[in-house]
Student: 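Take a look at the following structure, please.
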Protein chains: 2
Amino acid sequence: MLPQDCPLPIGRREANRATRREAILDVAHRSFLERGYAATTMSAIAASLGGSKGTLWSYFASKELLFAAVLDRATTLFQAQIAQALNPRDGVADSLHAFARQFLDRITAADAVALYRLVIGEARRFPETGRIFHERAPGRTRALLAAYLEAAMARGQLRAADPMAASRQLMSLCMGGCHQQLLLGLIDKAPRKAIVEEAELAVDSFLRAYAA
Amino acid sequence: MLPQDCPLPIGRREANRATRREAILDVAHRSFLERGYAATTMSAIAASLGGSKGTLWSYFASKELLFAAVLDRATTLFQAQIAQALNPRDGVADSLHAFARQFLDRITAADAVALYRLVIGEARRFPETGRIFHERAPGRTRALLAAYLEAAMARGQLRAADPMAASRQLMSLCMGGCHQQLLLGLIDKAPRKAIVEEAELAVDSFLRAYAA
DNA sequence: ACAAAGGCGTACCGTATAGTACGCCAATGC
DNA sequence: GCATTGGCGTACTATACGGTACGCCTTTGT
């Protein structure tokens, strides 16, 4: 009777199921990132959902599958945040400064650090995870940045060099300070001032190294 | 009767105890680095030792204390390996190339990667560990390198800049390739060729950025 | 309105783990 | 030599977790 009840061939049942699935992933996401894999319990997730364990298992047949689904979604979100960090501007210096600033902002956010920790910490138990994470997050960013650098090199704004290697170097330069300290738990939050200075320093060195 | 039986005021009892303690730490070290914290069980360690659980607990009153002792020893060993990577030679370029090569060799070794993974993965559960690791391994190396760079800057061989920041940048440049791939489990062992090339590339960029 | 699907609550199973208790025996110190 | 220390072996406790089973009830599609 009401066409807007079912604008797409999805019934309320399927819609509810999708919503529920997202809710589970939200809770599991938080728990895995906050506590790590081992310390996250299925019972706690079910309890936190308000539902029963049977329901949880009807969505995800095992803890490993739930973990995989969480990481799949998390890396997708991460990718979406990171990929748009490179907004070409007029000059190479301005573009790279903006990139470094945004890149550092993203990777020093609390959940990015927690995700990174989780992926590295469980890389032996879940080898696929490391691969997926890499190809979605740092790999994609590196490829985007490399494409930009290659164009800049072609225009003579930077000296000719391997754009992928250059891209990796710039990203490495960005990750040596706050990010490292966050990973090791030396600090809880990166001070804005430190991020700005660090991005500046990284790009300055990079531009000296790759001046035309 | 025999003075060499007790050259120091340690009886055979204490000596045996120290030996046993080392043996426990050896086994625990391997297990923690190979399997991670959660997947390492005290029972397995006791069984692998050939001894009984009572003995194990008489040395380390809990799994957490054993873990702390293992990491304490492991970071000390790591420090010993890393700290001597900087052997000043005639020219700055030669010195830094030698440093980068040795540094990369050390940090891409299997146990170094496993240790790094472990420290990062458990940084939330054991916050002290991250601090200790940092001050012993990367912090110490960075300080040594910074001292060398500062001297080179004073001699006019490099442009004047913050030596600590420069030190961190060189180390970051070394850690962006193989080390990253090892951490994420993309590769199991760093090819020698890649290490050499990467060290070369890192130092080249560094020297361009900090040329006098 | 009615039947089916699916969530809920709870109790349960098997297993694994940190940590304890205790009796026995060999190594150790005097 | 002899008493004691300490490791050995084993059995045990308590607990926690992943995963299952099942009966009840609300929501859903027709």
Side-chain angles (χ1 to χ4, degrees), chain A residues 1-28 31-32 34-70 122 125-126, chain B residues 1-28 31-32 34-70 122 125-126:
Chain A
M1 193 197 274
L2 295 174
Q4 60 261 49
D5 251 347
C6 188
L8 288 173
I10 48 163
R12 238 163 101 176
R13 217 136 199 166
E14 277 119 12
N16 277 356
R17 211 169 160 78
T19 310
R20 197 95 174 110
R21 195 186 136 97
E22 280 305 300
I24 294 176
L25 287 176
D26 280 341
V27 171
S31 184
F32 279 126
E34 272 172 25
R35 295 185 246 254
Y37 181 80
T40 291
T41 77
M42 296 292 273
S43 303
I45 290 173
S48 176
L49 276 168
S52 84
K53 295 176 75 171
T55 305
L56 177 53
W57 259 268
S58 83
Y59 283 89
F60 301 97
S62 74
K63 187 181 180 180
E64 292 200 2
L65 287 174
L66 176 56
F67 185 69
V70 164
E122 304 295 336
R125 199 187 332 213
F126 303 99
Chain B
M1 192 196 279
L2 293 175
Q4 61 262 48
D5 250 347
C6 188
L8 288 173
I10 50 165
R12 237 160 104 176
R13 218 137 198 165
E14 276 121 11
N16 277 356
R17 210 167 161 81
T19 311
R20 199 96 174 105
R21 195 186 136 97
E22 281 305 300
I24 294 177
L25 287 177
D26 280 341
V27 171
S31 183
F32 277 126
E34 272 172 25
R35 295 186 245 257
Y37 181 80
T40 291
T41 77
M42 296 293 273
S43 304
I45 290 174
S48 176
L49 276 169
S52 84
K53 297 176 74 171
T55 305
L56 178 53
W57 259 269
S58 83
Y59 283 89
F60 301 97
S62 76
K63 187 180 180 181
E64 293 201 1
L65 287 174
L66 175 58
F67 185 68
V70 165
E122 305 295 337
R125 199 186 332 211
F126 303 99

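Only a predicted model underlies this, so the values are computations on that prediction, with no experimental measurement involved.
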Student: What contact category does A:Tyr59 fall into here, base, sugar-phosphate, or nothing, at under 4.0 angstrom with non-hydrogen atoms?
Tutor: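 Here A:Tyr59 touches the backbone only, sparing every base.
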
Student: Quick one: side-chain contact (heavy atoms from CB on, under 4.5 Å) partners of A:Glu22, sequence neighbours excluded?
Tutor: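 Partners of A:Glu22 under the side-chain contact (heavy atoms from CB on, under 4.5 Å) test: A:Leu25, A:Arg73.
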
Student: Excluding sequence neighbours, so at least two apart, what forms side chain to side chain donor-acceptor pair (under 3.5 Å) with B:Ser58?
Tutor: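 Applying side chain to side chain donor-acceptor pair (under 3.5 Å) to B:Ser58 gives none.
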
Student: For B:Arg125, give me all partners under side chain to side chain donor-acceptor pair (under 3.5 Å), at least two apart in sequence or on another chain.
Tutor: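 B:Arg125 satisfies side chain to side chain donor-acceptor pair (under 3.5 Å) with B:Glu122 once adjacent residues are dropped.
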
Student: Atom CD1 of B:Ile24 to atom P of D:dG6: distance rounded to whole Å?
Tutor: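 That distance rounds to 14 Å.
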
Student: Once you round it to whole Å, what is the distance between C1' of D:dG7 and CZ of B:Arg21?
Tutor: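 After rounding, the gap between these two atoms is 17 Å.
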
Student: What is the per-nucleotide protein-contact pattern of nucleotides 18-30 of chain C, from the 5' end, where B denotes a base atom under 4.0 Å from a protein heavy atom, S denotes such proximity for sugar-phosphate atoms only, and - denotes neither?
Tutor: BBS------BBS-

Student: On a heavy-atom basis, which atom in A:Met42 and which in A:Leu56 lie closest, and how many Å separate them?
Tutor: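 So the two residues come closest at O-CD2, 3.5 Å.
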
Student: Which pairs, with at least one residue in residues 36-69 of chain B and sequence neighbours excluded, count as a ring-ring contact (aromatic ring centres under 6.0 Å, His included)?
Tutor: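 Sorted pair list: B:Phe32-B:Tyr37, B:Phe32-B:Phe67, B:Tyr37-B:Phe67, B:Tyr37-B:Phe126, B:Phe67-B:Phe126.
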
Student: C:dT10 P sits how many Å from A:Leu56 CG, rounded?
Tutor: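 So the two atoms are 17 Å apart, to the nearest Å.
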
Student: Look at the side-chain N and O atoms of A:Ser58 and state whether any lies under 4.0 Å from the OP1 or OP2 oxygen of C:dG6.
Tutor: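 Negative; the distance criterion is not met.
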
Student: With a cut-off of less than 4.0 Å, is there a side-chain N or O of A:Arg17 near OP1 or OP2 of D:dT27?
Tutor: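 For A:Arg17, the contact criterion (side-chain N or O under 4.0 Å from OP1 or OP2 of D:dT27) is not met.
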
Student: Not counting sequence neighbours, which residues clear side-chain contact (heavy atoms from CB on, under 4.5 Å) with A:Ser62? List them please.
Tutor: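 Testing A:Ser62 for side-chain contact (heavy atoms from CB on, under 4.5 Å), a comparison that skips the adjacent residues, returns A:Glu64, A:Leu65.
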
